[in-house]
Chemist: 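Okay, handing you the structure first.
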Amino acid sequence: MNILLSIAFVICWSSGFIGAKLGAGSASAATILMWRFLPLAVVLVVIASAFRTAWRDLAPRDVARQAMIGTLSQSGYLLTVYCAIQLGVSSGTTALIDGVQPLVAGALAGPLLRQHVSRKQWLGLCLGVSGVAIVTMADAAAGTGAAWWAYLIPFLGMFSLVAATFLESRSRVRVEPAVSLTVHCATSAVIFTALAVSAGAAEPPTELSFWAAIAWLVALSTFGGYGLYWLILRRSGVTKVNTLMFLMAPVTAVWGALAFGETFGPHTAFGLAVCLTAVVIVHRGDTSSTRVRTRDTDTGEAARPAKYGA
């Protein structure tokens with residue numbers, strides 16, 4: 001089941017880069033993101049009002065914490081991705097920069113979450129960075145016409161998502177996925193609507209491609225990629241879920257080749273193989289899970305969300 005969830009997560013998360021490129025030709029980033037989240041937030045809030053059981057034990061500070069996580073993981077992350085792509089940074093290069101996230105998360109997992117990162121996992125993490133670099137090296141060297149500073153924007157999104165990941169992992173209150181998704185989407189809807197209105201970009205275009213991109217992003221990226229991210233985070237821990245991010249750049253390159261006719265050469269194929277090897281090494285190198293679970297069970301703390309990585 002974990003393998004199937006991982007495959008689905010990689011495909012759905014990668015679809016977000018393609019969806020961003022699909023919508024980039026018909027509207028601004030603020031317009032796309034507003035109409036991606038506003039109708040979805042309304043539906044989720046209506047559903048939440050009908051099923052209040054999951055919300056009953058939540059304190060206002062728990063909801064506020066989820067709103068902050070949503071601001072970082074959705075609003076901050078997505079806005080940087082969309083802006084970078086619209087400024088001319090290719091989807092593969094954007095995915096490459098986001099692919100640095102696992103190494104950052106792996107380096108911080110020990111001091112912040114007290115999670116053990118084995119030598120094999122470090123080897124896999126470094127190998128994954130190499131694979132991602134191989135996949136996008138040709139594209140980055142060729143240039144896309146984007147300004148040099150545009151390549152710094154995805155780094156802001158990467159750090160935003162890392163911050164959200166650790167903020168969630170350090171939470172002592174377990175929040176149901178349906179509740180967190182509702183709060184995150186509602187927060188993003190407010191932020192992006194305010195941004196679009198202030199920029200005079202709230203009116204959606206009438207092109208069918210725009211609404212096709214919105215449907216794509218809601219179904220695959222939000223429910224699929226975003227939902228599975230937090231599910232796998234809770235089941236497998238920070239290091240493992242972020243290691244899967246190494247696969248985003250090569251998989252995005254495959255999608256780009258199929259959807260937009262972008263070049264998929266031997267460098268991409270080799271990089272994909274390297275990334276797959278890195279994921280296997282990291283998953284097999286996690287020797288701490290059983291040990292930490294046993295210790296938590298003995299102390300009666302197995303259910304604490306702060307032990308997601310266990």
Chemist: Nearest 0.5 Å, what's the CZ-OG1 distance between R36 and T222?
Modeler: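 Between R36 CZ and T222 OG1, I get 3.5 Å after rounding to 0.5 Å.
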Chemist: With side chain to side chain contact (heavy atoms under 4.5 Å, CB included) as the criterion, how do R235 and L5 come out once you've worked through the C-alpha distance, each side chain's angles and the decisive distance to 0.1 Å?
Modeler: CA-CA 11 Å; R235 298 181 64 166; L5 287 176; 3.3 Å; yes
Chemist: Would a 4.5 Å heavy-atom cut-off, applied to side chains only, mark F210 and I32 as touching?
Modeler: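 Result yes, sub-4.5 Å side-chain heavy-atom pair found.
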Chemist: Do the side chain of S14 and the main chain of V10 share a donor and acceptor less than 3.5 angstrom apart?
Modeler: yes
Chemist: Tell me if the aromatic rings of W216 and W255 count as close, with their centers under 6.0 Å from one another.
Modeler: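 Ring centroids of W216 and W255 are less than 6.0 Å from each other.
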Chemist: Applying side chain to side chain contact (heavy atoms under 4.5 Å, CB included) to Q66 and V179, what does each step give before you reach the verdict?
Modeler: CA-CA 9 Å; Q66 289 300 314; V179 173; 5.9 Å; no
Chemist: Any luck finding a side-chain donor-acceptor pair between Y229 and S73 under 3.5 Å?
Modeler: no
Chemist: Just wondering, do Y151 and T94 contact through their side chains at under 4.5 Å, heavy atoms?
Modeler: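 The answer is no; the side chains never approach within 4.5 Å.
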Chemist: Please answer: with hydrophobic residues joined when any side-chain heavy atoms are less than 4.5 Å apart, are V190 and W35 in the same cluster?
Modeler: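 No, separate clusters.
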Chemist: Looking only at heavy atoms, which two atoms of A213 and L22 are closest? And how far apart?
Modeler: CB-CB, 4.1 Å
Chemist: Is any side-chain heavy atom of C275 less than 4.5 Å from a side-chain heavy atom of L247?
Modeler: yes
Chemist: If hydrophobic clusters are built from ILVMFWY residues whose side chains come within less than 4.5 Å, do L152 and L87 share one?
Modeler: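 The answer is yes; both residues are in one hydrophobic cluster.
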Chemist: To the nearest 0.5 angstrom, please state how far the CD atom of Q86 sits from the CD1 atom of I153.
Modeler: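 So the CD of Q86 and the CD1 of I153 are separated by 10.5 Å.
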Chemist: Check A219 against F223 and note the closest heavy-atom contact, atom names and distance.
Modeler: O-CB, 3.6 Å
Chemist: State the OG-CG distance between S160 and L78, to the nearest 0.5 angstrom.
Modeler: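 Reported value, rounded in 0.5 Å steps: 9.0 Å.
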Chemist: I need the minimum non-hydrogen distance between G157 and Y77, along with the two atoms involved.
Modeler: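 Answer, listing the atom of G157 first, then Y77: O-CD1, 3.3 Å.
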Chemist: Quick check: closest heavy atoms across A201 and S28, and the distance to 0.1 Å?
Modeler: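 Shortest heavy-atom separation between A201 and S28 comes out as CB-OG, 3.8 Å.
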Chemist: Between atom CD1 of I281 and atom CZ of R119, what is the distance when rounded to the nearest 0.5 Å?
Modeler: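 The CD1 atom of I281 sits 15.5 Å away from the CZ atom of R119.
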Chemist: Would L79 and C83 satisfy side chain to side chain contact (heavy atoms under 4.5 Å, CB included), going step by step from the backbone distance to the final call?
Modeler: CA-CA 6 Å; L79 185 60; C83 287; 3.9 Å; yes
Chemist: Grouping I, L, V, M, F, W and Y whenever their side-chain heavy atoms are under 4.5 Å apart, do V43 and Y226 come out in a common cluster?
Modeler: no
Chemist: Quick check: closest heavy atoms across S75 and S188, and the distance to 0.1 Å?
Modeler: OG-OG, 3.3 Å
Chemist: Decide yes or no on side chain to side chain contact (heavy atoms under 4.5 Å, CB included) for F159 and L72, but give the supporting numbers first.
Modeler: CA-CA 9 Å; F159 282 112; L72 291 169; over 6 Å; no
Chemist: Nearest heavy-atom pair of W13 and M248: which atoms, and what distance?
Modeler: CB-CE, 3.6 Å
Chemist: Quick one: CZ on F166 to CD1 on I69, what's the gap to the nearest 0.5 Å?
Modeler: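 F166 atom CZ to I69 atom CD1 measures 13.0 Å (nearest 0.5 Å).
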Chemist: Are any of the side-chain heavy atoms of P204 and M34 separated by less than 4.5 Å?
Modeler: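 Not in contact.
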Chemist: So do F9 and L244 actually touch side chain to side chain, heavy atoms under 4.5 Å?
Modeler: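 Yes, close enough: below the 4.5 Å cut-off.
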Chemist: Give a yes or no on this: more than 12 heavy atoms of other residues, nucleotides or ligands lie within 6.0 Å of atom CD of E207.
Modeler: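 Enclosed.
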Chemist: Is L231 reachable from L220 through a run of hydrophobic residues whose side-chain heavy atoms are each under 4.5 Å from the next?
Modeler: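 In one cluster: yes.
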Chemist: Taking the side chain as every heavy atom from C-beta outward, state whether F37 and V218 have any pair of such atoms under 4.5 Å apart.
Modeler: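 No - every pair of side-chain heavy atoms lies 4.5 Å or more apart.
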Chemist: Flag yes if L156 and V81 sit in one hydrophobic cluster, no otherwise; membership is Ile, Leu, Val, Met, Phe, Trp, Tyr, and two members link when side-chain heavy atoms are under 4.5 Å apart.
Modeler: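 Unlinked, L156 and V81 end up in two clusters.
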Chemist: With rounding to the nearest 0.5 angstrom, report the CG to CG distance, L4 to L228.
Modeler: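 That separation rounds to 11.0 Å.
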Chemist: Are the side chain of S198 and the backbone of L195 linked by a donor-acceptor contact shorter than 3.5 Å?
Modeler: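 Judged by distance alone, yes, a pair lies under 3.5 Å.
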